[in-house]
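Reading through the structure tokens given below for one structure.
Both backbone and side-chain heavy atoms feed into the values below; hydrogens, waters and symmetry mates do not.
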Amino acid sequence: MTTASTLAGTDIVDQLVGLPAGSSLHGLRHQREKVAAATQGSYDTLFDPTLADIGQDERLLVALYACRLAGSQDVAAHYRERLQALPADAAQLAAADSGTPEQLPAGRLRAMLSFTRALTERPVEGDKAVLETLPAAGISTPAVVALSQLIAFISYQIRVVAGLQAMKLASNASEHTQ
């Protein structure tokens with residue numbers, strides 16, 4: 001699937017880390033271009049505005065909340081910015097950003113954010129009972145699958161960004177000591 005970010009040559013991980021094309025760390029990351037392309041392809045697919053059964057605003061709120069739970073401020077800022085570009089509900093944005101989904105009325109988004117917390121903080125507890133809260137909130141089976149994939153992707157994306165940021169910092173530190 002080709003999307004706007006793929007067409008523009010945008011790589012979200014490179015942007016989040018600040019990897020300019022031609023830098024040694026950029027070259028290292030893109031040595032396995034298939035992995036970099038698959039990561040970007042997953043991002044493009046999971047945040048495609050035409051994805052059925054789960055709204056783009058809901059996906060971005062879940063992503064923001066998962067980043068907040070993981071303590072990834074840089075990646076959270078990206079999703080917050082994307083949400084602010086939409087006509088996102090201010091109360092929903094505040095709940096996801098502050099980590100207080102229980103302040104939301106019972107329903108679809110609250111169930112999604114609670115499920116995100118369970119899978120992010122206590123994946124062992126992401127059992128049948130937690131999973132059943134989603135259809136009870138009116139979330140279809142395809143949306144549950146997409147939501148689970150999204151949460152897993154965000155966890156992966158956070159780790160890739162953190163690893164590359166650490167490598168960049170170490171590289172910068174060694175350049176300054178030489």
Side-chain angles (χ1 to χ4, degrees), residues 5 11-17 29 35-36 38-49 51-86 88-167 169:
S5 62
D11 184 296
I12 297 303
V13 170
D14 286 351
Q15 282 184 351
L16 291 170
V17 177
R29 177 168 186 262
V35 175
T39 299
Q40 183 61 40
S42 293
Y43 175 90
D44 292 341
T45 300
L46 289 166
F47 293 103
D48 184 337
L51 187 65
D53 296 322
I54 183 169
Q56 187 177 32
D57 60 334
E58 292 171 322
R59 286 175 274 143
L60 290 167
L61 287 162
V62 165
L64 173 61
Y65 185 58
C67 291
R68 189 237 174 255
L69 291 171
S72 179
Q73 297 307 315
D74 296 341
V75 182
H78 167 73
Y79 291 110
R80 188 178 306 108
E81 183 178 311
R82 287 203 56 192
L83 273 161
Q84 290 169 339
L86 296 176
D89 179 275
Q92 292 177 345
L93 178 57
D97 206 12
S98 68
T100 55
E102 54 281 342
Q103 292 181 353
L104 294 171
R108 188 176 166 93
L109 182 61
R110 184 172 173 175
M112 286 180 182
L113 296 180
S114 296
F115 182 67
T116 301
R117 182 183 321 134
L119 288 187
T120 302
E121 292 182 339
R122 299 172 309 278
V124 173
E125 294 176 21
D127 62 5
K128 185 177 178 184
V130 173
L131 191 58
E132 287 176 346
T133 64
L134 298 170
I139 300 167
S140 69
T141 299
V144 171
V145 171
L147 178 62
S148 299
Q149 291 172 332
L150 173 62
I151 295 165
F153 173 77
I154 295 300
S155 177
Y156 163 77
Q157 183 185 46
I158 289 168
R159 284 167 176 71
V160 169
V161 167
L164 289 167
Q165 286 172 331
M167 291 172 70
L169 186 62

Where Leu64 and Ala76 come nearest, the two heavy atoms and their spacing: CD1-O, 3.4 Å
Shortest non-hydrogen contact between Gly138 and Arg108, atoms and distance: O-NH1, 3.4 Å
Point-to-point distance, once rounded to the nearest 0.5 Å, from CD of Gln165 to CG of Leu169: 9.0 Å
Partners passing salt bridge (charged side-chain N to carboxylate O under 4.0 Å, His left out) against Glu121 (at least two apart in sequence or in another chain): none
Side-chain heavy-atom pair Thr39, Val13 within 4.5 angstrom cut-off: yes
Under 3.5 Å side-chain donor-acceptor pair for Thr120 and Tyr65: no
Working for side-chain contact (heavy atoms from CB on, under 4.5 Å), residues Asp14 and Gln40: CA-CA 10 Å; Asp14 286 351; Gln40 183 61 40; over 6 Å; no
Glu102, CD: over 12 other non-hydrogen atoms inside 6.0 angstrom: yes
Nearest-0.5 Å distance that lies between atom CD in Glu58 and atom CG in Leu83: 11.0 Å
Donor-acceptor contact below 3.5 Å, side chain Thr133 vs main chain Val130: yes
Asp57 CG to Asp89 CG distance, which is reported to the nearest 0.5 Å: 9.0 Å
Distance flag, aromatic centroids of Phe153 and Phe47, threshold under 6.0 Å: no
Which atom of Leu134 lies closest to which atom of Ala111, heavy atoms considered: CD2-O, 3.6 Å
Side chain to side chain, Arg117 and Leu113, heavy atoms closer than 4.5 Å: no
Given Leu46, Val144, Ile154, Thr45, the one that forms side-chain contact (heavy atoms from CB on, under 4.5 Å) with Gln149: Leu46
Salt bridge (charged side-chain N to carboxylate O under 4.0 Å, His left out) against Arg68, all qualifying residues, sequence neighbours excluded: none
From CA spacing to verdict: side-chain contact (heavy atoms from CB on, under 4.5 Å), Arg29, Val17: CA-CA 11 Å; Arg29 177 168 186 262; Val17 177; over 6 Å; no
Inter-residue atom distance Arg59.CZ - Asp48.CG, 0.5 Å rounding: 7.0 Å
side-chain contact (heavy atoms from CB on, under 4.5 Å) between Gln92 and Leu104, intermediate numbers included: CA-CA 7 Å; Gln92 292 177 345; Leu104 294 171; 4.1 Å; yes
All pairs passing salt bridge (charged side-chain N to carboxylate O under 4.0 Å, His left out) where residues 149-166 contributes a residue, at least two apart: none
Approximate separation, where rounding is to 0.5 Å, of Gln15 CD and Ile12 CD1: 4.5 Å
Rounded distance (nearest 0.5 Å) linking atom SG of Cys67 with atom CD1 of Ile158: 4.0 Å
